[in-house]
Amino acid sequence: GVWRQTRALLFKNCLIKCRTKKSSVQEVLFPLFFLFWLILMSMMHPHRKYDEVANTDLGPLDTSVLVNFVIGYTPPTPLAREIMKKVAFDNFEDGLITEEYLSEEELEEASLLKPSSFVGVVFKDSTSYQLRFHDSIAMSSIYMESR
């Protein structure tokens, strides 16, 4: 029956392990070696905690780097329009160029046309968003874990 076949298979595997001692020892020692190596590397580069930084006045923003800078956003909801209006006109004297797009695909196409001076903002809901740069996505989060 099944028990006899299982016992024969276990016996066969034990014979193979006994006859190939070198590979059997390697099967046990290599994972232990790599585990030791990972522990050693993590001890060499410990997790650092940084102290809190006090609030300081950073001075005026240099707006010369923001000339011809375009911020595209989607979806064009009234809340998104209000937020982007505040970003463009309340924080900068000259105002930034803001463009609204109907979908994320249109936003990505626009970022391909003007990659160096374009940043996309995708509003997920009223409290979260994603920044889209030409070659990456930046998540908005107050709580960032250390890598």
Side-chain angles (χ1 to χ4, degrees), residues 2-3 5-6 8-10 12-14 16-17 20-147:
V2 174
W3 172 245
Q5 288 179 348
T6 306
L9 185 61
L10 286 172
K12 175 187 152 207
N13 287 339
C14 286
I16 291 173
K17 293 294 178 188
T20 57
K21 288 183 174 111
K22 183 179 176 183
S23 65
S24 299
V25 169
Q26 286 177 349
E27 284 180 15
V28 173
L29 291 182
F30 275 155
L32 292 175
F33 170 74
F34 288 124
L35 180 65
F36 170 75
W37 187 254
L38 284 173
I39 291 170
L40 183 67
M41 293 301 287
S42 68
M43 289 172 61
M44 288 174 57
H45 302 285
H47 177 71
R48 294 186 186 130
K49 284 207 168 246
Y50 296 100
D51 293 332
E52 189 175 304
V53 177
N55 290 337
T56 57
D57 183 21
L58 299 176
L61 177 67
D62 181 18
T63 57
S64 64
V65 296
L66 299 176
V67 175
N68 297 327
F69 199 76
V70 179
I71 299 176
Y73 64 94
T74 189
T77 61
L79 181 63
R81 287 186 187 107
E82 182 180 334
I83 291 171
M84 295 311 292
K85 180 181 169 189
K86 283 185 182 263
V87 167
F89 297 108
D90 292 353
N91 298 323
F92 305 100
E93 299 90 30
D94 299 335
L96 296 173
I97 301 169
T98 58
E99 298 175 352
E100 62 181 46
Y101 295 94
L102 297 176
S103 66
E104 288 186 46
E105 290 79 23
E106 289 182 16
L107 184 74
E108 289 176 14
E109 288 175 12
S111 72
L112 292 175
L113 295 175
K114 35 192 162 185
S116 62
S117 64
F118 187 87
V119 173
V121 180
V122 179
F123 290 96
K124 297 298 180 185
D125 55 32
S126 62
T127 59
S128 66
Y129 60 91
Q130 284 184 333
L131 295 178
R132 301 278 176 107
F133 298 98
H134 173 63
D135 56 354
S136 65
I137 297 174
M139 301 295 289
S140 68
S141 177
I142 296 171
Y143 307 104
M144 295 294 288
E145 292 291 324
S146 171
R147 291 185 186 189

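Side chains are part of it too, since the values below use all heavy atoms of this structure and drop only hydrogens, waters and symmetry mates.
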Lys124 NZ: over 12 foreign heavy atoms closer than 6.0 Å: yes
Student check: side-chain heavy atoms of Ile83 and Phe123 closer than 4.5 Å: yes
Lys12 vs Ile16, side-chain contact (heavy atoms from CB on, under 4.5 Å): CA-CA, chis, key distance, verdict: CA-CA 6 Å; Lys12 175 187 152 207; Ile16 291 173; 3.9 Å; yes
Ring geometry between Phe30 and Phe34 (parallel below 30°, tilted from 30 to 60°, perpendicular above 60°): tilted
Nearest-0.5 Å distance that lies between atom OG in Ser111 and atom CD in Glu108: 6.5 Å
Spacing of Thr74 atom OG1 and Gln130 atom CD [to the nearest 0.5 Å]: 12.0 Å
Taking every non-hydrogen atom, the tightest pair across Pro75 and Ala80: O-CB, 3.5 Å
Rounded distance [0.5 Å steps], CD in Glu100 versus OG1 in Thr77: 9.0 Å
Inter-residue atom distance Thr20.OG1 - Glu27.CD, 0.5 Å rounding: 7.5 Å
Student check: side-chain heavy atoms of Tyr101 and Val122 closer than 4.5 Å: no
Straight-line distance of Leu107 CG to Phe118 CZ, nearest 0.5 Å: 4.5 Å
Interatomic distance, Leu40 atom CG to His45 atom NE2 [nearest 0.5 angstrom]: 9.0 Å
Nearest heavy atoms of Pro76 and Arg81, plus distance in Å: O-NH2, 3.1 Å
